[in-house]
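Report on the following structure.
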Amino acid sequence: MHLADFLGFAASGQPQLAAALSALPHLPPSASHCLLSGPERSGKTSLLFHAALSLARQGREVLVLCRRAKLEAAPPLLPDGVSRQDPAWQLVHMKYLANGYELLRYASSIHMLPRLPDALLVDDLHALCDLPAGDRPRPRDMALCRVLATLHEAANVVSALKQAPCQLLVTQLSPPDAPRQLYMLQRWLPLVLHIRPLVQSHALAVLNPRPDVPPACLQELQFSLKHGGVALEAVLPAQAQTF
């Protein structure tokens with residue numbers, strides 16, 4: 001996985017930014033299981049579909065698990081020059097799920113699909129799972145752990161059957177009890193990419209990086225969500241973010 005998978009298309013028409021982005025090293029093998037977090041309306045779903053298209057253009061089969069209602073209400077934004085008729089989209093397959101039960105059932109039987117994916121992408125995990133509400137965190141944590149363990153096992157089973165890594169990418173709303181839940185999430189999703197809001201844009205960077213993440217990957221990718229699309233604005237060195 002590479003940071004360009006998330007915002008490479010957003011650098012279209014900006015050769016200097018595109019060169020700076022492509023010059024970054026690849027993320028380590030542990031990055032094959034990744035969490036993309038951020039606040040509401042920060043572009044998580046849009047960046048998830050950027051990654052889907054990037055992987056598809058590399059010839060990989062991508063399976064996206066998501067809620068139909070959310071995508072219909074707020075379709076992902078695409079950069080200028082990226083067409084919804086791009087042939088690579090034929091390798092991106094959608095599976096609409098309504099709740100956590102359907103997600104668990106589908107992930108548990110993923111090995112029975114006629115075409116196994118090379119990448120499993122899950123959008124808006126917290127809402128999709130219908131995690132228990134309330135002030136007591138233990139029921140939410142138990143439900144979340146069960147879902148994450150099932151997704152992790154599904155990706156590992158596909159990897160074993162295909163004899164090639166199956167990437168797992170999950171988006172989730174930034175948790176209110178961030179440090180505690182981040183520790184739990186990184187058990188199954190070692191790489192965490194976090195979107196933080198700026199004054200008129202957003203910034204994507206590695207959060208709480210593991211020792212195997214190359215220092216050169218600790219960059220902050222500043223991007224904007226406007227005019228119906230996503231545009232990369234800057235690639236800047238960044239200190240490692242931590243909660």
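Values below: every heavy atom of this structure, side chains too, minus hydrogens, waters and symmetry copies.
To the nearest 0.5 angstrom, His202 atom NE2 is 9.0 Å from Lys44 atom NZ. Distance check: Leu125 CG to Leu148 CG gives 5.5 Å after rounding to the nearest 0.5 Å. Rounding to the nearest 0.5 Å places CH2 of Trp188 at 12.0 Å from CD of Glu153. Rounding to the nearest 0.5 Å gives a distance of 5.5 Å between CG of Leu24 and CD of Gln219. In this structure, NE2 on His126 lies 11.5 Å from OG on Ser174, to the nearest 0.5 angstrom. Separation of atoms CZ (Arg187) and NE2 (His33) is listed at 14.0 Å; rounding is to 0.5 Å.
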Problem - Intermediate values then yes/no, side chain to side chain donor-acceptor pair (under 3.5 Å), Arg60 and Gln167 - result: CA-CA 10 Å; Arg60 301 182 187 180; Gln167 293 182 274; 2.7 Å; yes
Exercise for the section: I would like to know whether Phe49 and Phe9 meet side-chain contact (heavy atoms from CB on, under 4.5 Å); could you show each step before the answer? Expected result: CA-CA 11 Å; Phe49 277 85; Phe9 298 117; over 6 Å; no
Practice task
Take Arg57 and Asp5 through the test side-chain contact (heavy atoms from CB on, under 4.5 Å) and record every step on the way to the result.
Solution key: CA-CA 10 Å; Arg57 284 191 174 182; Asp5 290 333; over 6 Å; no
Practice task
Report the C-alpha separation of Leu128 and Val122 in whole Å, then their side-chain angles, then the decisive distance to 0.1 Å, and conclude whether the side-chain contact (heavy atoms from CB on, under 4.5 Å) test is met.
Solution key: CA-CA 9 Å; Leu128 181 59; Val122 184; 4.1 Å; yes
Exercise for the section: Determine, stepwise, if the pair Gln186 / Val192 fulfils side-chain contact (heavy atoms from CB on, under 4.5 Å). Expected result: CA-CA 7 Å; Gln186 283 196 288; Val192 178; 3.6 Å; yes
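The shortest non-hydrogen separation linking Leu47 to Leu36 is CB-CD2, 3.9 Å. Cys166 and Ser159 get closest at one heavy-atom pair: N-OG, 2.8 Å. Here the closest heavy-atom approach between residue Ala88 and residue Asp86 is recorded as N-OD1, 2.8 Å. Nearest approach of Glu102 to Leu97, heavy atoms of both residues: OE1-CA, 3.5 Å. The shortest heavy-atom contact between Leu7 and Leu221 is CD1-CB, 3.7 Å. Of all heavy-atom pairs spanning Ala10 and Val230, the tightest one is CB-O, 3.7 Å.
Phe223 places none of its side-chain heavy atoms less than 4.5 Å from the side chain of Glu233. Within the 4.5 Å cutoff, side-chain heavy atoms of Leu151 are placed close to those of Leu103. Inter-residue side-chain proximity for Leu27 and His2 is flagged as unmet; no heavy-atom pair is nearer than 4.5 Å. Between Val158 and Leu120, the closest side-chain pair of non-hydrogen atoms is not below 4.5 Å. Residues Leu35 and Leu193 have side chains not in contact (no heavy-atom distance under 4.5 Å, counting atoms from C-beta outward). Annotation: side chain of Gln200 is not in contact with side chain of Ser224 (no heavy-atom distance under 4.5 Å). Side-chain contact check for Leu191 versus Arg210: every heavy-atom pair is 4.5 Å or farther apart. Within the 4.5 Å cutoff, the side chain of Pro29 has no heavy atoms near those of the Pro165 side chain.
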Got a list of side-chain donor-acceptor pairs under 3.5 Å for residues 62-79, not counting sequence neighbours?
from, atom 1, to, atom 2, distance (Å)
Arg67, NH2, Asp124, OD2, 3.1
Lys70, NZ, Thr45, OG1, 2.8
Lys70, NZ, Asp123, OD2, 3.3

Output a table of donor-acceptor pairs, distance under 3.5 Å, between side-chain atoms of residues 108-115 and any protein atom two or more places apart or on a different chain; print 'none' if there are none.
from, atom 1, to, atom 2, distance (Å)
Ser108, OG, Leu104, O, 2.7
Ser109, OG, Arg105, O, 3.1
Ser109, OG, Tyr106, O, 3.2
His111, ND1, Ser108, O, 3.4
Arg115, NH2, Glu61, OE1, 3.4
Arg115, NH2, Glu61, OE2, 2.1

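Around the OH atom of Tyr101, the shell of radius 6.0 Å holds no more than 12 heavy atoms that belong to other residues, nucleotides or ligands.
In terms of modelled atom types and a separation under 3.5 Å, the side chain of Gln58 and the main chain of Ser54 share a donor-acceptor contact.
If you check the side chains of Gln222 and Ser201, you find no donor sitting under 3.5 Å from an acceptor. Between the side chains of Ser37 and His194, at least one donor-acceptor pair of N or O atoms lies under 3.5 Å.
Under the 4.5 Å side-chain heavy-atom criterion for Ile, Leu, Val, Met, Phe, Trp and Tyr, Leu232 and Leu198 are members of distinct hydrophobic clusters. Cluster annotation: Leu91 is not connected to Tyr96 through the hydrophobic network of ILVMFWY side chains, with a link wherever side-chain heavy atoms come within less than 4.5 Å.
Residues His50 and Phe6 place their aromatic rings such that the two centres sit no closer than 6.0 Å.
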